Asks: 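Before I ask anything, here is the structure I am working with.
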Amino acid sequence: MSRQKFVAGNWKLNKTLSEGQELVSTILENLGDDSVTKIIFPPSVLISSLVNTVASAEHFFVGAQNCSEHESGAFTGEVSAAMLSSVGCKFVLVGHSERRQYFGETNSIASKKIKLALQNNLKVIYCVGERLTERKTNKHLEVVKTQITEALQSLDPANVIIAYEPVWAIGTGETATPAQAQEMHAHIRSVLENLFGADVAANTSLLYGGSCNAQNAKELFACADIDGGLIGGASLKADDFCKIIQSF
Ligand code: PEP
């Protein structure tokens, strides 16, 4: 996959079927012509229906917020990469900080999920980012390097996008400054270069996430190594999400 512009909306545990359909319909009505790839990540139970809703839209896909680290079997409540792929899901988030914090997702579990996702033709947005204490103690660059190395080193990264989401900025209203975000994105490219070479580093799309909104998206997306955003709260309002898409 070559480097592209992305705006992805992580709905988390929000929206019923009718609310989700209404949100997507309003987004579609207000989208102009653009080259930005749009992805929505609704709760998994809505994916199948929303795949139909966006079917005729250009550069618009539905993804899953999570997939199982297991292929199949006795894992009650889990959803596999193959199941997601079978209903038209095209992307999956792996390693989101809420999965790491509340569900014990480690870099090694993330690696298993990414492997299964790629085997089942899903593209992956792999989320990385440091906690506030790690930034305050100047460990942020090392933490992100470890997250990337441990999860990706044994994989083909061609269909992997990386989202840098500082944990202290997610859902807090506090955003990384463009300088902080750019520093980390450039660092991520150098980590990728060491692992996979210059071509992969140059061609991997890197997204910023963490209280990105209609007001600050333009400044962030103007940074040399930022290719778009992973948006939480602001993706739940059609108007804000569309403004963010128009921020390149
Ligand atoms: C997220 O959950 O990935 C996220 C970036 O959330 P928010 O935009 O609400 O900070």
Side-chain angles (χ1 to χ4, degrees), residues 5-15 19-20 23 27 36-44 46-47 61-67 89 91-105 107 110 113-114 117 122-132 134-135 140 143-144 147-148 151 160-178 180-182 184-185 188 205-221 223 225-248:
K5 294 175 191 160
F6 285 94
V7 173
N10 176 13
W11 293 6
K12 311 191 187 192
L13 187 57
N14 293 293
K15 303 292 178 190
E19 290 167 350
L23 174 57
I27 292 169
V36 179
T37 299
K38 281 82 56 180
I39 315 162
I40 50 163
F41 291 89
S44 60
L46 307 187
I47 290 173
F61 301 96
V62 181
Q65 297 172 22
N66 182 35
C67 69
C89 178
F91 289 81
V92 63
L93 294 180
V94 176
H96 191 280
S97 73
E98 287 151 17
R99 300 291 319 169
R100 292 179 190 266
Q101 188 179 345
Y102 304 129
F103 302 95
E105 191 158 314
N107 297 330
K113 292 184 177 191
I114 294 170
L122 297 172
K123 295 185 172 76
V124 171
I125 298 186
Y126 177 51
C127 305
V128 297
E130 81 284 359
R131 299 196 190 101
L132 188 56
E134 292 162 339
R135 177 160 283 268
H140 51 294
V143 165
V144 167
Q147 289 171 331
I148 293 174
V160 177
I161 296 154
I162 295 178
Y164 167 57
E165 300 203 299
V167 179
W168 47 271
I170 297 180
T172 59
E174 195 176 332
T175 319
T177 63
Q180 287 172 322
Q182 169 55 29
M184 184 61 86
H185 282 69
I188 291 172
S205 302
L206 304 183
L207 315 184
Y208 170 79
S211 298
C212 183
N213 58 38
Q215 284 73 48
N216 59 30
K218 213 180 188 84
E219 247 194 325
L220 288 159
F221 295 175
C223 296
D225 287 297
I226 299 183
D227 302 307
L230 177 55
I231 319 297
S235 73
L236 298 173
K237 294 187 193 128
D239 191 39
D240 288 356
F241 194 60
C242 290
K243 281 194 185 127
I244 295 170
I245 292 164
Q246 286 143 20
S247 296
F248 287 95

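As the structure is a prediction and not an experimental result, all values here were calculated from the model. Atoms within each ligand, like the ligands themselves, are counted from 1 in listed order.
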Asks: Would you say Asn213 and Lys243 are linked by a side-chain donor-acceptor pair, where the criterion is simply a distance under 3.5 Å?
Replies: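 No, Asn213 and Lys243 have no side-chain donor paired with an acceptor closer than 3.5 Å.
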
Asks: Is Val36 close to Phe6 at the side-chain level, that is, under 4.5 Å between some pair of heavy atoms?
Replies: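 Contact flag for Phe6/Val36 side chains = no.
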
Asks: Please list, in number order, the atoms of ligand 1 under 4.0 Å from a heavy atom of Gly210.
Replies: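 Counting atoms of ligand 1 from 1, those under 4.0 Å from Gly210 are 5 (C), 10 (O).
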
Asks: List in chain and number order the residues that pass salt bridge (Lys or Arg N to Asp or Glu O under 4.0 Å) with Lys15, two or more places apart in sequence or in another chain; answer none if no residue qualifies.
Replies: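 Lys15: no salt bridge (Lys or Arg N to Asp or Glu O under 4.0 Å) contacts found.
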
Asks: Pairs of nitrogen or oxygen atoms closer than 3.5 Å, one from Gly232 and one from ligand 1: do any exist?
Replies: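 Among all N and O atoms of Gly232, at least one is under 3.5 Å from an N or O of ligand 1.
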
Asks: N/O of Glu98 under 3.5 Å from N/O of ligand 1, yes or no?
Replies: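 For ligand 1, there is no N or O atom that lies under 3.5 Å from one belonging to Glu98.
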
Asks: The criterion is salt bridge (Lys or Arg N to Asp or Glu O under 4.0 Å); which residues satisfy it with Lys123, sequence neighbours excluded?
Replies: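 Counting only residues at least two positions away or on another chain, Lys123 forms no salt bridge (Lys or Arg N to Asp or Glu O under 4.0 Å).
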
Asks: Taking NZ, NE, NH1 and NH2 as the nitrogens, is one of them in Arg135 or Glu130 under 4.0 Å from a carboxylate oxygen of the other?
Replies: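 Yes, charged N to carboxylate O under 4.0 Å.
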
Asks: Output the distance between atom CD1 (Ile245) and atom CD1 (Ile231), rounded to the nearest 0.5 Å.
Replies: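 Going from CD1 on Ile245 over to CD1 on Ile231, the span is 9.0 Å.
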
Asks: Non-hydrogen atoms of Gly171 versus ligand 1: any pair closer than 4.0 Å?
Replies: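 It does; at least one heavy atom falls under 4.0 Å.
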
Asks: For atom 1 (C) of ligand 1, find the nearest protein heavy atom and state the residue, atom name and distance (0.1 Å precision).
Replies: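 Scanning the protein heavy atoms, the shortest distance from atom 1 (C) of ligand 1 goes to His96 NE2, 3.2 Å.
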
Asks: I need the nearest protein heavy-atom contact for atom 2 (O) of ligand 1: residue, atom name and distance, please.
Replies: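 Protein heavy atom with the smallest distance to atom 2 (O) of ligand 1: Lys12 NZ, 2.6 Å.
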
Asks: Would Thr172 count as a polar contact of ligand 1, with the cut-off being nitrogen or oxygen pairs under 3.5 Å?
Replies: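 N/O-N/O distance under 3.5 Å: no.
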
Asks: Within this structure, what is the CZ-NE2 distance for the pair Phe41 and His96, rounded to the nearest 0.5 Å?
Replies: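 If I round to the nearest 0.5 Å, the distance is 10.0 Å.
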
Asks: Answer with side chain, backbone, both or neither: which part of Asn10 has a heavy atom less than 4.0 angstrom from an atom of ligand 1?
Replies: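 Under 4.0 Å from ligand 1, Asn10 contributes side-chain atoms alone.
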
Asks: With heavy-atom distances below 4.0 Å as the criterion, list the atoms of ligand 1 near Ser211.
Replies: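 Here the atoms of ligand 1 in question are 7 (P), 8 (O), 10 (O).
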
Asks: Give the contacting part of Ala169 toward ligand 1: side chain, backbone, both or neither, where contact means a heavy-atom distance below 4.0 Å.
Replies: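 For Ala169, the contact with ligand 1 is made by the backbone alone.
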
Asks: Below 4.0 angstrom from a heavy atom of Leu230, which ligand 1 atoms are there? Numbered from 1 as shown, please.
Replies: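 Those atoms are 3 (O), 5 (C).
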
Asks: Once rounded to the nearest 0.5 Å, what's the spacing between atom OH of Tyr126 and atom CG of Leu93?
Replies: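 Between atom OH of Tyr126 and atom CG of Leu93 there are 12.5 Å.
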
Asks: Got a donor-acceptor contact below 3.5 angstrom from the Tyr208 side chain to the Gly210 backbone?
Replies: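 Judged by distance alone, yes, a pair lies under 3.5 Å.
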
Asks: Looking only at N/O atoms, are Gly233 and ligand 1 under 3.5 Å apart anywhere?
Replies: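 Among all N and O atoms of Gly233, at least one is under 3.5 Å from an N or O of ligand 1.
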
Asks: Counting non-hydrogen protein atoms only, what is the nearest one to atom 3 (O) of ligand 1? Give residue, atom name and distance.
Replies: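 So the nearest neighbour among protein heavy atoms is Glu165 OE2, 2.6 Å.
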
